[in-house]
Amino acid sequence: KIVLMDSRSGEEGAKETKKLPGNQQYFPFQSFSDPLCVEKIPDKLLKQCTEVNGFQKPSPIQAQCWPVLLTSDSSGQHRDVVGIA
């Protein structure tokens, strides 16, 4: 499960955190042909994953994390991800 939280504390952070789950840019990539995946992942990397390595779809951690890592906010900042197994 992925939990998105704004890094700001207090009321401002809580307000921004409520907006995150509804942002479709953070939805997991279900396949390598997902429109946002194709748009955000360099073609060379997609070919490496699919043609060279033969992966059928992103791994669960890739599917969850890539959209978060590759999406910037209105100020151009990206989010960090912590994965726990």
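For clarity, every value in this text was computed on a predicted model and none was experimentally measured. Along the sequence shown, residues are numbered consecutively beginning with 1.
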Asks: For Asp80, look at atom CG and say whether over 12 heavy atoms of other residues, nucleotides or ligands are found less than 6.0 Å away.
Replies: no
Asks: Hey, what do you get for NZ (Lys40) to CG (Leu69), rounding to the nearest 0.5 Å?
Replies: 10.5 Å
Asks: Could you see if Phe32 belongs to whatever hydrophobic cluster contains Leu45? Use Ile, Leu, Val, Met, Phe, Trp, Tyr and a side-chain cutoff under 4.5 Å.
Replies: yes
Asks: Distance from Gln56 atom CD to Ser31 atom OG, nearest 0.5 Å?
Replies: 11.0 Å
Asks: Within a 6.0 Å radius of atom CD on Glu39, are there more than 12 heavy atoms belonging to other residues, nucleotides or ligands?
Replies: yes
Asks: So does Leu36 get a backbone contact from the side chain of Asp34, meaning a donor-acceptor N/O pair under 3.5 Å?
Replies: yes
Asks: How long is the gap from CZ on Phe29 to OG on Ser59, to the nearest 0.5 Å?
Replies: 12.0 Å
Asks: Between Pro67 and Phe27, is there a side-chain heavy-atom distance shorter than 4.5 Å?
Replies: no
Asks: Do Ile41 and Trp66 come close enough that some side-chain heavy atom pair is under 4.5 Å?
Replies: yes
Asks: Check whether any side-chain heavy atom of Thr71 lies under 4.5 Å from a side-chain heavy atom of Arg79, and answer yes or no.
Replies: no
Asks: Provide the closest heavy-atom pair for Lys57 versus Gln30 in the form atom of the first, atom of the second, distance.
Replies: CB-O, 3.9 Å
Asks: Which pair of non-hydrogen atoms, one from Pro28 and one from Gln64, has the smallest distance, and what is that distance?
Replies: CG-NE2, 3.4 Å
Asks: Taking Glu51 for the side chain and Gln48 for the main chain, is one N or O donor matched with an acceptor at less than 3.5 Å?
Replies: no
Asks: Does Cys37 reach the side chain of Leu46, with side-chain heavy atoms less than 4.5 Å apart?
Replies: yes
